[in-house]
Amino acid sequence: MAAPFSSPTTPPPLRSIFQPNPNPPKALLSLTGSFHGGPHRAKVCYSSIGATSVSLWSSSANYSNLRNGSTKLSGKPVALKRLLQNRRGVVRNATMEEIEAEKSLIEDDAKGRMEKTIDTMRANFNSVRTGRANPSMLDKIEVEYYGTPVSLKSIAQISTPDASSLLVQPYDKSSLKAIEKAIVSSNLGLTPNNDGEVIRMSIPQLTSERRKELSKMVAKLAEEGKVALRNIRRDALKAYEKLEKEKKLSEDNVKDLSSDLQKLTDEYMKKIDNIFKQKEKELLKV
């Protein structure tokens with residue numbers, strides 16, 4: 001007859017389900033909030049195998065949706081990583097391509113604005129008359145045409161029959177008197193001759209005093225152009241500094257970009273100097 005079964009060792013005592021766990025998981029985060037169905041409490045803890053989990057207890061529902069997310073939580077653990085990924089407003093680092101695109105946009109904007117500044121400078125210089133006839137001398141004249149101010153060159157053809165005269169031929173002859181009035185009021189020192197068909201003007205020789213006055217005027221225009229370039233440079237620097245604050249650029253990156261921006265500014269400063277010198281030469285030439 002076989003001997004009754006007996007264990008060689010004493011079995012471990014059984015722990016009552018009502019007895020507290022001597023090694024409870026350590027709580028990392030406790031969240032209390034009001035979700036669908038009433039108050040809920042969520043707790044983040046480590047399990048026995050080291051995995052992080054989230055549990056939610058509900059007093060009035062089996063599950064609830066977080067108001068600021070789309071993940072459903074129930075009595076079952078939900079991975080913390082998944083919860084964070086599904087939450088709205090997750091901050092994402094900008095890619096290198098996006099940062100390069102922002103840098104290029106700032107550079108292109110600065111260069112485009114500097115080009116427009118040079119074009120404006122040329123137009124302003126051309127409007128200052130010299131001893132030689134030039135249609136661009138009338139570029140800034142505006143005429144009151146049917147109650148609306150319009151540029152003279154948009155309603156008339158302007159030409160130079162010779163080196164010392166200008167010819168204005170309007171597309172609408174009824175505008176002749178308005179054109180004549182605008183030329184007299186322009187302070188260009190020109191006397192229009194209206195014959196009912198066209199307007200002719202002789203370009204008088206500049207006096208020495210008048211040449212000096214115009215030279216000062218051109219110098220002032222050149223300085224205004226340089227101020228505009230400095231303002232464009234300042235705006236671009238502020239844009240770079242903003243990227244640095246957003247941690248998209250390092251301090252060294254900003255220094256390098258600032259150096260390149262200064263070189264670009266110096267290049268356009270020289271263009272203004274060259275245009276100014278050319279115009280000054282024309283003014284002082286007798």
Side-chain angles (χ1 to χ4, degrees), residues 26-35 40-46 50-56 64-73 77-124 219-276:
K26 185 179 180 182
L28 299 181
L29 176 64
S30 179
L31 302 174
T32 301
S34 177
F35 307 112
H40 300 77
R41 181 176 295 277
K43 184 168 65 177
V44 182
C45 60
Y46 283 115
T52 306
S53 63
V54 177
S55 295
L56 179 75
S64 174
N65 288 328
L66 282 174
R67 290 182 185 272
N68 62 344
S70 59
T71 302
K72 290 184 178 180
L73 297 178
V78 179
L80 178 62
K81 182 178 180 181
R82 184 180 176 188
L83 169 65
L84 295 178
Q85 285 178 341
N86 284 291
R87 290 189 64 180
R88 295 173 188 167
V90 175
V91 177
R92 179 178 63 85
N93 291 332
T95 64
M96 289 300 296
E97 290 78 7
E98 290 171 337
I99 295 174
E100 287 298 325
E102 289 189 67
K103 284 166 52 182
S104 297
L105 186 64
I106 295 170
E107 293 166 2
D108 293 344
D109 178 69
K111 190 171 183 178
R113 289 173 64 190
M114 287 185 183
E115 280 290 346
K116 288 181 180 178
T117 299
I118 295 298
D119 291 341
T120 300
M121 288 300 307
R122 286 198 177 98
N124 289 338
K220 183 179 179 181
L221 290 173
E223 184 56 35
E224 289 174 354
K226 290 182 177 181
V227 170
L229 293 180
R230 295 188 193 103
N231 289 339
I232 295 169
R233 174 182 173 275
R234 177 203 61 201
D235 292 344
L237 282 176
K238 285 184 178 179
Y240 287 140
E241 289 169 359
K242 182 175 181 292
L243 292 181
E244 182 184 0
K245 289 180 181 178
E246 295 172 351
K247 306 301 182 183
K248 295 180 180 178
L249 294 176
S250 67
E251 184 178 351
D252 289 339
N253 291 148
V254 174
K255 286 182 180 179
D256 293 339
L257 290 169
S258 299
S259 177
D260 293 340
L261 184 61
Q262 184 60 56
K263 290 178 183 177
L264 180 68
T265 305
D266 292 341
E267 177 185 337
Y268 280 89
M269 289 283 192
K270 289 180 180 179
K271 289 184 179 182
I272 288 182
D273 285 335
N274 291 336
I275 298 172
F276 167 65

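FYI, side chains are in, hydrogens and waters are out, and symmetry mates aren't considered; it's all heavy atoms of this structure. This structure is a prediction, so every number in the text was calculated from the model and none was measured.
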Apply side-chain contact (heavy atoms from CB on, under 4.5 Å) to N253 and list each qualifying residue two or more places apart in sequence or on a separate chain.
L249, S250

Going by side chain to side chain contact (heavy atoms under 4.5 Å, CB included), L229 matches just one of E267, R113, M269, M121. Which one?
M269

Closest approach of [X] and [Y], non-hydrogen atoms and distance?
X	Y	answer
A110	I232	O-CG2, 3.6 Å
R233	M114	N-CE, 4.5 Å
Y268	I118	CD2-CG1, 3.5 Å
K226	D273	NZ-OD1, 2.7 Å
I272	G225	CD1-C, 3.5 Å
V254	Y240	CG2-O, 4.0 Å

Nearest-0.5 Å distance, [atom1] of residue [X] to [atom2] of residue [Y]:
X	Y	atom1	atom2	answer
L221	R122	CG	CZ	14.5 Å
D256	L261	CG	CG	12.5 Å
Q262	T265	CD	OG1	5.0 Å
S258	E241	OG	CD	7.0 Å

Please test E107 against K263 for salt bridge (Lys or Arg N to Asp or Glu O under 4.0 Å), starting from the C-alpha separation and ending with a verdict.
CA-CA 12 Å; E107 293 166 2; K263 290 178 183 177; over 6 Å; no

Begin from the C-alpha positions of L105 and E102 and carry the test side chain to side chain contact (heavy atoms under 4.5 Å, CB included) through to its verdict.
CA-CA 5 Å; L105 186 64; E102 289 189 67; 5.6 Å; no

Check the pair V227 / N231 against side chain to side chain contact (heavy atoms under 4.5 Å, CB included), numbers first and verdict last.
CA-CA 6 Å; V227 170; N231 289 339; 3.9 Å; yes

In terms of side-chain geometry, is the basic nitrogen of [X] or [Y] positioned less than 4.0 Å from the acidic oxygen of its partner?
X	Y	answer
K271	E115	yes
K242	E246	yes
K103	E100	yes

Determine yes or no for a side-chain-to-main-chain donor-acceptor pair under 3.5 angstrom, with S259 supplying the side chain and K255 the backbone.
no

